[in-house]
Amino acid sequence: MDQALPTHVVPNSISESTQFCVGLPNRPGSLAPLCRALREGGVNIEAICVADDQNCCWVNMICQPPDTARTVLSNAGYNFFAESVLTMRAHNQPGELERIANRLADAGINIEYVYGSGATIGTFTLVIGVADRERAVELLGA
């Protein structure tokens, strides 16, 4: 299988984004107030992933505008941290994530996590956490 990406990744689609990681209690009704605070602050959630264990859950999300999201989360008293991640548009077709993962693996770049959002006709958005973002952008943007 051809592992080349230029024909699969949507041109000029890779960028760095701010991901907010918010800790919430793992119980019914915890997510709704977070979403309400962001909505009332004029913040759009562009991608979201919720992972949990018995005691808590982590909400990882890409929000726009990020500066406003940071202010809203702080003012609402949420425990959170922000980190830089890659976001990229890719073609919505079988094997697309495999090609991307192979490209990074061949270069020795570990994918720490990945989640997707916003599938539209022909494309979807990936949020990718890697230690070497600059090198990943170089490889995937080629």
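Note that the structure is predicted; figures quoted are calculated from it, not measured.
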Novice: What closest approach, in Å, do Gly41 and Val72 show between heavy atoms, and which atom pair accounts for it?
Specialist: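 Reported closest heavy-atom pair: CA-CG2, 3.9 Å.
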Novice: Determine whether Phe80 and Leu31 fall in the same hydrophobic cluster, where Ile, Leu, Val, Met, Phe, Trp and Tyr are linked whenever their side-chain heavy atoms lie under 4.5 Å apart.
Specialist: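 In one cluster: yes.
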Novice: Determine the minimum heavy-atom distance between Leu24 and Ser30, stating which atoms define it.
Specialist: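 Looking at all heavy atoms of both residues, the shortest contact is CD1-O, 3.7 Å.
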Novice: Do Ser15 and Thr87 have side-chain N/O donor and acceptor atoms under 3.5 Å apart?
Specialist: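 A donor-acceptor contact under 3.5 Å links the two side chains.
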Novice: Locate the shortest heavy-atom distance separating Cys57 from Pro25; write the atom from each residue and the value.
Specialist: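 Heavy atoms only, the tightest pair is SG-O, 4.0 Å.
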Novice: Does Ser84 offer a backbone N or O that forms a donor-acceptor pair with the side chain of Thr18 under 3.5 Å?
Specialist: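 No, Thr18 side chain to Ser84 backbone: no donor-acceptor pair under 3.5 Å.
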Novice: Show your working on side chain to side chain contact (heavy atoms under 4.5 Å, CB included) between Ile62 and Val127 and close with a plain yes or no.
Specialist: CA-CA 8 Å; Ile62 306 296; Val127 178; 3.8 Å; yes
Novice: What I'd like to find out is whether the side chain of Arg133 reaches to under 4.5 Å of the side chain of Glu16, using heavy atoms alone.
Specialist: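 They are in contact (side-chain heavy atoms under 4.5 Å apart), so the answer is yes.
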Novice: Let me see the working for Met88 and Thr125 under side chain to side chain contact (heavy atoms under 4.5 Å, CB included), right down to the final yes or no.
Specialist: CA-CA 6 Å; Met88 65 183 291; Thr125 299; over 6 Å; no
Novice: Would you say that Tyr113 contacts Gln19 through its side chain, given a criterion of any heavy-atom pair below 4.5 Å between the two side chains?
Specialist: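 Tyr113 reaches Gln19 side chain to side chain.
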Novice: Hydrophobic cluster membership, with links at side-chain heavy-atom distances under 4.5 Å among I/L/V/M/F/W/Y: are Leu104 and Phe124 in one?
Specialist: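 In one cluster: yes.
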Novice: Is the CD atom of Glu134 crowded by more than 12 outside heavy atoms at less than 6.0 Å?
Specialist: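 At most 12 heavy atoms, drawn from other residues, nucleotides or ligands, come within 6.0 Å of this atom.
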Novice: Distance from Leu38 atom CG to Met61 atom CE, nearest 0.5 Å?
Specialist: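 These two atoms lie 5.0 Å from each other.
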Novice: Given 3.5 Å as the limit, does a donor-acceptor pair link the side chain of Arg135 with the main chain of Ala107, or not?
Specialist: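 Confirmed, Arg135 side chain pairs with Ala107 backbone.
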Novice: What's the shortest heavy-atom distance between Arg70 and Ala82, and which atoms?
Specialist: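 Taking Arg70 first and Ala82 second, the nearest heavy atoms are NH1-CB, 3.5 Å.
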Novice: Do Phe20 and Ile48 sit in one hydrophobic cluster, given that two such residues count as connected whenever their side-chain heavy atoms are within less than 4.5 Å of each other, even indirectly?
Specialist: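 Yes, it is one cluster - the side chains of Phe20 and Ile48 are joined through contacts under 4.5 Å.
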Novice: Between Arg103 (side chain only) and Leu140 (backbone N and O only), is there a donor and an acceptor less than 3.5 Å apart?
Specialist: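 No; judged by distance alone, with no hydrogens or angles, the pair does not exist.
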Novice: At their closest point, which heavy atom of Cys21 faces which heavy atom of Glu83, and how far apart are they?
Specialist: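 For Cys21 and Glu83, the tightest heavy-atom pair comes out as SG-OE2, 3.7 Å.
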Novice: Is it the case that the side chain of Asn26 and the backbone of Asp53 share a donor-acceptor pair, with hydrogens and angles ignored and the cut-off at 3.5 Å?
Specialist: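 Yes.
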Novice: Is there a side-chain contact between Gln64 and Ile45, using heavy atoms and a 4.5 Å cut-off?
Specialist: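 No; the side chains remain at least 4.5 Å from each other.
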Novice: Is Leu97 linked to Val137 within one hydrophobic cluster, defined over Ile, Leu, Val, Met, Phe, Trp and Tyr using a side-chain heavy-atom separation of less than 4.5 Å?
Specialist: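 Leu97 clusters together with Val137.
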Novice: Between Tyr115 and Leu126, is there a donor-acceptor pair closer than 3.5 Å when you use the side chain of the first and the backbone of the second?
Specialist: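 Side chain of Tyr115 to backbone of Leu126: no pair is present.
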Novice: Strictly distance-based, threshold 3.5 Å: is any side-chain N or O of Ser74 a donor or acceptor partner for the main-chain N or O of Thr71?
Specialist: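 Such a contact is absent between Ser74 side chain and Thr71 backbone.
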Novice: With a 4.5 Å cut-off on side-chain heavy atoms, are Val22 and Leu73 touching?
Specialist: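 SC-SC contact between Leu73 and Val22 confirmed.
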Novice: Can you hop from Val50 to Val114 via hydrophobic side chains spaced under 4.5 Å?
Specialist: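 Different clusters: Val50 never reaches Val114 through Ile, Leu, Val, Met, Phe, Trp or Tyr contacts under 4.5 Å.
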Novice: For residues Ile109 and Ala136, report the shortest heavy-atom separation together with the two atoms involved.
Specialist: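 Where Ile109 meets Ala136 most closely, the heavy atoms are CD1-N, 3.8 Å.
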Novice: Can you tell me how far apart CG (Leu86) and CG (Asp132) are? Round to the nearest 0.5 Å.
Specialist: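 Leu86 CG to Asp132 CG: 9.5 Å, rounded to 0.5 Å.
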